[in-house]
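Input: a single structure, listed below in C-alpha cells.
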Amino acid sequence: MIILGIDPGLATMGFGVVQRDDRGIFTALDYGVITTPKEENLPVRLAILERGVNAVLDRYRPEEIAFEELFFTKNITTGIAVAQARGVALLACAKRCPKLFEYTPMQIKQAITGYGKADKKQMQEVVTTLLRLQTVPRPDDAADALAAAMCHGFTNRFGSLFAVSNSTRTAGNNSAPTPFFHAARDARDIRSTKTRADMAADKAKAKAKADAEKERAAKIAALYEAAKKR
C-alpha cells in the first residue's frame, strides 16, 4: 500500500510517500517540501501549494493519505494562514483519494516512538531507522510528513477511527462522509443547486423580458409608420 503523509504549512508544506508491504515493512518512495515565496500574496501561494500537491498525487497515486492535525495556542494569525493551506491540500487530495485520515502530533509520536512526548530529534532518528535511510530526512517538515504516513501505516487497522470525516472537531458538524469524496471526483455527479421553483421563476423572467422587447419593437415600428404618413 502506498501512503502519502502531509505536514501542513503555508511557507513550507512537507510531504512523505511510503510503501508498506504485507509484512508491515516500510520503504520511503519520496519525501520533500512544497515551498511558497513569502513576497507573494496569499491566493498565489495557495495556488502553488495546490499545484505541488497535485504533482505528488499524479506521480505516486497514493491509496491512503494522512494529515497531521493543526494546533495553535498563541499566534492565531499564523494559524489561520496555515489552516487555509491545509484546506487547499485537503481539497486537492479529496478530489483524488477518498481515504483521508488525520492524527494529532502526540498520536504520531506515540505510534512512531512509543512515547507521546518524544522530541524532534528522537522522532527523526526513529523515522530514519524504520525507513533504513542513510541520513535524517531534511527539512524537518519532510520528516514530519514521513512520520505521519508511517503512523497511519501502523494504525490504519482501526479503519475509520482516524478518518477526516470522523474528526473530533467536525464529527456531527461539518464532516464529509466518504460518498462525498467519490462524488467530488466525478463531475457527472455535480448537480445544479437551483430548485424547480427557482428555474421556473428564471424562465418566467426571461419570457417577460422577451415580451417587453417585442412590445417595445412594435411601438417603435408604429411610430415609424406614423412618421412616414405625415
Side-chain angles (χ1 to χ4, degrees), residues 1-9 12-35 49-70 82 85-86 88-116 118-167 178 181 185:
M1 180 191 344
I2 296 178
I3 304 171
L4 168 63
I6 292 182
D7 179 40
T12 306
M13 180 175 290
F15 70 88
V17 186
V18 302
Q19 185 169 30
R20 192 193 66 177
D21 63 20
D22 295 335
R23 299 172 298 165
I25 304 299
F26 291 94
T27 301
L29 300 181
D30 194 7
Y31 59 86
V33 293
I34 304 167
T35 60
L49 291 175
E50 181 190 25
R51 184 173 57 190
V53 172
N54 281 330
V56 175
L57 294 171
D58 286 338
R59 184 171 183 180
Y60 295 103
R61 301 185 181 280
E63 298 165 67
E64 298 184 358
I65 302 173
F67 281 79
E68 180 174 329
E69 284 194 18
L70 301 180
V82 175
R86 183 177 186 271
V88 166
L90 275 170
L91 177 59
C93 291
K95 290 179 178 180
R96 309 284 288 280
C97 176
K99 296 184 178 181
L100 306 182
F101 302 83
E102 57 185 0
Y103 301 88
T104 66
M106 184 172 289
Q107 288 170 337
I108 295 174
K109 292 176 180 179
Q110 182 71 39
I112 300 300
T113 68
Y115 179 52
D119 60 32
K120 190 170 290 291
K121 183 178 180 181
Q122 291 173 317
M123 284 287 291
Q124 292 176 346
E125 289 177 350
V126 175
V127 168
T128 303
T129 301
L130 291 175
L131 292 174
R132 304 175 304 284
L133 300 175
Q134 297 299 316
T135 59
V136 174
R138 298 292 183 189
D140 294 348
D141 308 83
D144 291 343
L146 286 170
M150 284 195 295
C151 170
H152 177 65
F154 286 133
T155 60
N156 73 338
R157 63 182 181 277
F158 296 110
S160 62
L161 181 62
F162 296 99
V164 169
S165 59
N166 198 36
S167 168
T178 298
F181 296 122
R185 292 183 302 164

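All residue numbers refer to positions in the sequence shown, counting from 1.
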* Asked: Does any N or O in the side chain of Glu69 come within less than 3.5 Å of the main-chain N or O of Thr104, such that one atom is a donor and the other an acceptor?
  ->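 A pair under 3.5 Å: no.
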
* To do: Report the C-alpha separation of Met13 and Val53 in whole Å, then their side-chain angles, then the decisive distance to 0.1 Å, and conclude whether the side-chain contact (heavy atoms from CB on, under 4.5 Å) test is met.
  => CA-CA 9 Å; Met13 180 175 290; Val53 172; 3.9 Å; yes

For residues [X] and [Y], determine if any side-chain heavy atom of one lies less than 4.5 Å from a side-chain heavy atom of the other.
X      : Y      : value
Lys99  : Glu63  : no
Glu50  : Leu91  : no
Tyr31  : Leu131 : no
Val136 : Lys121 : no
Thr12  : Asp140 : no
Asp30  : Phe15  : yes
Pro62  : Ile3   : no
Leu57  : Lys95  : no

* Got a sec, which residues hit side-chain contact (heavy atoms from CB on, under 4.5 Å) with Gln122, two or more places apart in sequence or on another chain? ->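 Residues passing side-chain contact (heavy atoms from CB on, under 4.5 Å) with Gln122: Ala118, Asp119.
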
Going from [atom1] on [X] to [atom2] on [Y], what distance comes out if it is rounded to the nearest 0.5 angstrom?
X      : Y      : atom1 : atom2 : result
Asp141 : Glu68  : CG    : CD    : 9.5 Å
Ile25  : Gln19  : CD1   : CD    : 12.5 Å
Ile112 : Thr129 : CD1   : OG1   : 11.5 Å
Met1   : Asp21  : CE    : CG    : 11.0 Å
Leu146 : Leu4   : CG    : CG    : 10.0 Å

* Asked: Could you go step by step and tell me if Phe101 and Thr155 meet the side-chain contact (heavy atoms from CB on, under 4.5 Å) rule?
  -> CA-CA 11 Å; Phe101 302 83; Thr155 60; over 6 Å; no

Write down the atom of [X], the atom of [Y], and the distance for their closest heavy-atom approach.
X      : Y      : value
Val33  : Ala142 : CG1-N, 4.1 Å
Ile6   : Cys93  : CD1-SG, 3.9 Å
Gly9   : Leu49  : O-CD1, 3.7 Å
Gly16  : Ala145 : N-CB, 3.4 Å
Gly5   : Ala149 : N-CB, 3.7 Å
Ala111 : Cys151 : CB-SG, 3.7 Å

* To do: Can you sort out the partners of Phe26 under ring pair (Phe, Tyr, Trp, His ring centres under 6.0 Å), two or more places apart, ordered by chain and number?
  =>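 Checked Phe26 against ring pair (Phe, Tyr, Trp, His ring centres under 6.0 Å); matches are Phe154.
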
* Worked verdict on Met123 versus Asp144 for side-chain contact (heavy atoms from CB on, under 4.5 Å) -> CA-CA 8 Å; Met123 284 287 291; Asp144 291 343; 5.7 Å; no

* To do: State plainly whether the residues Arg86 and Glu102 are in salt-bridge range, i.e. N to O under 4.0 Å.
  =>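 Yes, Arg86 and Glu102 are salt-bridged.
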
